[in-house]
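Shown next, in structure tokens, is the structure this report addresses.
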2 protein chains.
Amino acid sequence: MKRFKIGELSVDSGTPLLSEGSSTPQVFTALSGMGLRYKTLETGERQVISFIMPGDFIGLQAAVMGEMQHSVEATTDMVLCVFDRSALWDLFKHEPQRAFDLTWVAAVEEHFLGETVASLGQRTGTERVAWALVRLYIHLSALDLRKGDSIPLPYRQQDLADALGLSLVHTNKILSSFRSKGLAVWKDSQLTVPSLEKLATIAALDPEREPIRPLI
Amino acid sequence: MKRFKIGELSVDSGTPLLSEGSSTPQVFTALSGMGLRYKTLETGERQVISFIMPGDFIGLQAAVMGEMQHSVEATTDMVLCVFDRSALWDLFKHEPQRAFDLTWVAAVEEHFLGETVASLGQRTGTERVAWALVRLYIHLSALDLRKGDSIPLPYRQQDLADALGLSLVHTNKILSSFRSKGLAVWKDSQLTVPSLEKLATIAALDPEREPIRPLI
DNA sequence: CGTCCACTTGACAGTCGTCAATAGGGGTGG
DNA sequence: CCACCCCTATTGACGACTGTCAAGTGGACG
């Protein structure tokens, strides 16, 4: 992969990395920090598509489709590995294994989006929030970012609400109920989950079946 | 592509093509007929992920991830082009252009799923139904399956409801209101849309911006 | 000290789900 | 040929979940 690496990029929190409709010459891999992937509807509402964590690949759509269909923004300071988009074709020609990995990444991404669709479509508000927290907890644990029963979660409640298709107020009330029941406490960009099992039960989710995310 | 083609498969309506959790040795391309891609949640509810139309690629997930994360079923009689899953690797090694196309397919699929997430998350029931109908209308028009202002739509209202995260009853009432307003009439597996513009307005959707789906 | 932003909380309204009953078609067996 | 059954579509009533509006708190920052 190093042959295609252009360099590293450090950005401050709040920086837009890619914008809907743009076609940047670069693609990224997140090395540290977190971000958001979102779409803006014609009506102005924002839908958060996914939360970006270290190891995530950013910009595949722009690379193969020529234009981004969603925006990406850093919510904390981030360090990114930068690749040249035009090198992608060389990858396919000369490094079939890497190209295959890339397709794998796309397929895994598709799988997670499918899960999201299922959650938005079939779960209630409470289940959705529990589901999201469990998923984030598992993912960040796998990334070795968990300390004890807490993970870093540098987002606003509004971000979670926009990801789950709930209003900010309602999301807040659900989080508040989790807090009073001791199921999950999200405060100061830290999420503490005393019992993942209990939360997973509410989410109607089997944590064992969650696949691992890819790393390139 | 012909080198990788094993043969053609004809199935009757109602036949399951792929099942969640299975790992079949084959992948398909739909040649004719329509189908459904869906997930079953732990709680038993069904979420329709997408509607399958001629030209769609089926089984990429199983091919690269080893196991399907959703099920696929034929809703009409279908004819499929069958490929050998193990040939996929040869494709990457010897036909980089085709491999790239495959990744492109995956990226486009990801884009449409992103649109779906945004719809389920941000649109109201009425908007969702209008959005789905517009999208189907555009897609089937592009496939040259439109006759006048009608397209074939061989699904049940329950399928649409499961795709949009709405109850059957509510979906029915929305369709009923569209019918009485002359916006869209769905009857006997035929959808008639007198004015795509009006429907697109309700959907809060710009039909011009809809990208074309890929064909392999 | 004033402003801004994120988070909270309460009240109220509307969308949407559930329950239930009915109608219409197609297929099967008598 | 007709009765019966099953599946899909339809419609009404009722209630719950969730959104909107509004007001208030507390911390960060200039």
Side-chain angles (χ1 to χ4, degrees), chain A residues 12-14 36 41 43-48 73 75-76 119-133 153-181 184-192 202-204, chain B residues 12-14 36 41 43-48 73 75-76 119-133 153-181 184-192 202-204:
Chain A
D12 292 338
S13 71
L36 276 181
L41 297 224
T43 50
E45 286 120 331
R46 182 182 73 149
Q47 173 68 43
V48 170
E73 195 173 304
T75 54
T76 68
S119 282
L120 298 194
Q122 305 299 141
R123 289 192 231 260
T124 67
T126 306
E127 291 167 348
R128 279 185 234 178
V129 174
W131 168 80
L133 296 183
L153 201 60
Y155 298 100
R156 298 170 306 159
Q157 294 186 356
Q158 182 73 65
D159 296 327
L160 183 62
D162 285 348
L164 299 178
L166 298 169
S167 70
L168 169 61
V169 173
H170 198 221
T171 305
N172 179 291
K173 285 171 183 168
I174 292 169
L175 287 171
S176 167
S177 93
F178 283 176
R179 200 182 315 132
S180 68
K181 289 176 189 160
V185 181
W186 181 16
K187 199 182 166 190
D188 298 331
S189 297
Q190 283 277 121
L191 172 68
T192 304
I202 292 179
Chain B
D12 292 337
S13 71
L36 275 182
L41 296 225
T43 50
E45 285 122 331
R46 182 182 73 150
Q47 173 67 44
V48 169
E73 195 174 302
T75 55
T76 68
S119 282
L120 298 194
Q122 305 300 142
R123 289 191 230 260
T124 67
T126 306
E127 290 166 349
R128 280 185 233 178
V129 174
W131 169 80
L133 296 183
L153 201 60
Y155 299 100
R156 297 170 304 158
Q157 294 186 356
Q158 182 74 63
D159 297 327
L160 183 61
D162 286 347
L164 299 178
L166 297 168
S167 71
L168 169 61
V169 173
H170 198 222
T171 305
N172 178 290
K173 284 170 181 166
I174 293 169
L175 287 171
S176 165
S177 94
F178 283 178
R179 199 182 317 134
S180 68
K181 289 175 189 159
V185 180
W186 181 17
K187 199 182 163 189
D188 298 331
S189 298
Q190 283 278 120
L191 173 68
T192 304
I202 291 180

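Throughout, protein chains are lettered first and strands after them, A, B, ... in sequence-line order, and every chain is numbered starting at 1.
Side-chain N/O atoms of B:Q158 include none lying less than 4.0 angstrom from OP1 or OP2 on D:dC7. Residue B:S176 places at least one side-chain N or O under 4.0 Å from the OP1 or OP2 atom of D:dT11. Put simply, A:N172 has a side-chain N or O that comes within less than 4.0 Å of OP1 or OP2 on C:dT8.
Rotation axes derived from the C1' atoms of the five outermost pairs at either end of the helix from C:dC1-D:dG30 to C:dG30-D:dC1 lie 30° apart, to the nearest 10°.
In this structure, B:Y155 atom OH and D:dA9 atom P are separated by 14 Å, rounded to whole Å. The distance from atom CG of A:D159 to atom P of C:dA6 is 9 Å, rounded to the nearest whole Å. Remark: C1' of C:dC7 and CG of A:L175 are 10 Å apart, rounded to the nearest angstrom. For B:Q190 and D:dA9, the CD to C1' distance is 17 Å, given to the nearest whole Å. To the nearest angstrom, P of C:dT8 lies 10 Å from CH2 of A:W186.
The CG atom of B:L41 lies 9.0 Å from the CD atom of A:E127; values are rounded to the nearest 0.5 Å.
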Nucleotides 19-24 of chain D: which of its N/O atoms have a protein N/O under 3.5 Å away?
| from | atom 1 | to | atom 2 | distance (Å) |
| --- | --- | --- | --- | --- |
| D:dG19 | OP1 | A:G165 | O | 3.2 |
| D:dG19 | OP1 | A:S167 | N | 3.2 |
| D:dG19 | OP2 | A:S167 | N | 3.0 |
| D:dG19 | OP2 | A:S167 | OG | 3.1 |
| D:dG19 | OP2 | A:H170 | ND1 | 3.4 |

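Remark: the backbone N or O of A:D159 is not paired with any side-chain donor or acceptor of A:D162 at under 3.5 angstrom.
Residue B:R128 comes nearest to B:R123 through the heavy atom pair NE-O, 3.0 Å, listed as atom of the first residue, atom of the second, then distance.
For the side chain to side chain contact (heavy atoms under 4.5 Å, CB included) test with B:I174, the passing option among B:L160, B:V129, B:T124 is B:V129; the others fail.
For the segment residues 120-129 of chain B, residues with any heavy atom less than 4.0 angstrom from an atom of DNA chain C are, sorted by number, B:T124, B:G125.
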